[in-house]
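These notes are about the structure you will find just below.
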Amino acid sequence: MSKPQKTDKHIKHILIDPESIQKRITELGAEISADYRGKELVLVCILKGAFLFTSDLCRQIDLPQKLDFMAVSSYGDATRSSGIVKIEKDLSESIQGKHVLIVEDIIDSGLTLSYIVKILQDRQPADIKVCVLCNKPSNKQQHVKVDYCGFKLEDEFVVGYGLDFKGYLRNLPYIGVVKDEYR
Ligand code: IMP
Ligand code: MG
């Protein structure tokens, strides 16, 4: 039996508990390992939100792999996409001819990921796929093909397991919904 979860005072309710997150990541890792069998991967972790997801996912992918990081900002402190995506940190190695898997925390409007896919596509990788922990399908403004998705969510603002609210709450071990009074 799992331990009762202590919630943070900012959290309205827990949406996905730590065990369910790990179970789903194990499934995703197995699926990715099978799909890319015989190939080598470059995992591109989109900072900061995907840092925990990537660290758990990479250990469930049984393939030769390299890890690289990219940081973009799109939201500032608001809870809706600004439409402006800025590269804060670029990849450290070329992805030309590589099989690239972008690992992102969450897709909402799709603005952030469609921009990242576009600029990485221009660098002539062998192929690019997208793996997101959470997908909010109700809110797409840009069409982004999501190849691997951990969880489909409703249109609620969530935090924890890497996801932040104004930079905070990334350290929560679960994914939860922020109380309306804090938003
Ligand atoms: P999009 O550009 O609208 O798809 O938003 C994607 C980015 O916004 C993600 O990389 C997150 O950093 C952030 N984001 C979107 N929804 C949430 C949320 O519910 N919680 C925390 N961050 C979010
Ligand atoms: Mg993010």
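Both ligands and their constituent atoms are indexed starting at 1 by order of listing.
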Measuring from the heavy atoms of Val159, does anything fall under 4.0 Å of ligand 1? no
Contact between Leu113 and ligand 1, counting heavy atoms under 4.0 Å?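 It does not; every heavy atom stays at 4.0 Å or beyond.
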Contacting atoms of ligand 1, where contact means under 4.0 angstrom from a heavy atom of [X]:
| X | result |
| --- | --- |
| Leu111 | 2 (O), 4 (O) |
| Glu104 | 9 (C), 10 (O) |
| Ser109 | 1 (P), 2 (O), 3 (O), 4 (O) |
| Glu156 | 19 (O) |
| Thr112 | 1 (P), 2 (O), 5 (O), 6 (C), 7 (C) |
| Gly110 | 1 (P), 3 (O), 4 (O) |

Give a yes or no on whether Lys23 atom NZ has more than 12 heavy-atom contacts from other residues, nucleotides or ligands under 6.0 Å away.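 No, NZ of Lys23 has 12 or fewer neighbouring heavy atoms, counting only those of other groups under 6.0 Å.
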Is atom NZ of Lys129 surrounded by more than 12 heavy atoms (other residues, nucleotides or ligands) closer than 6.0 Å? yes
Pick one of side chain, backbone, both or neither for how [X] approaches ligand 1, counting any non-hydrogen atom pair under 4.0 Å.
| X | result |
| --- | --- |
| Val85 | neither |
| Asp108 | both |
| Lys136 | side chain |

Donor + acceptor pair across side chains of Asp56, Tyr161 (<3.5 Å):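 The criterion, which ignores hydrogens and geometry beyond distance, is satisfied for Tyr161 and Asp56.
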Pick, from Val177, Leu163, Val158, the option with the minimum heavy-atom distance to atom 20 (N) of ligand 1.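 Among Val177, Leu163, Val158, the closest heavy atom to atom 20 (N) of ligand 1 comes from Val158.
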Does His10 have any ring pair (Phe, Tyr, Trp, His ring centres under 6.0 Å) partners at least two apart in sequence or in another chain, and if so, which?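 Checked His10 against ring pair (Phe, Tyr, Trp, His ring centres under 6.0 Å); matches are Tyr182.
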Residues two or more places apart in sequence or in another chain: which of them pass salt bridge (charged side-chain N to carboxylate O under 4.0 Å, His left out) with Asp180? Lys12
Assess the residue pair Tyr174 and Asp8 against the criterion (side chain to side chain contact (heavy atoms under 4.5 Å, CB included)); give the C-alpha distance rounded to whole Å, side-chain angles, the decisive distance to 0.1 Å, and a yes or no. CA-CA 10 Å; Tyr174 50 82; Asp8 183 276; 3.8 Å; yes
Using the side chain to side chain contact (heavy atoms under 4.5 Å, CB included) rule, take Tyr148 and Val103 through it: C-alpha gap first, then chi angles, then the decisive distance, then the call. CA-CA 9 Å; Tyr148 305 98; Val103 184; over 6 Å; no
Residue pair Val85, Lys118: steps toward the side chain to side chain contact (heavy atoms under 4.5 Å, CB included) verdict: CA-CA 12 Å; Val85 181; Lys118 190 175 159 294; over 6 Å; no
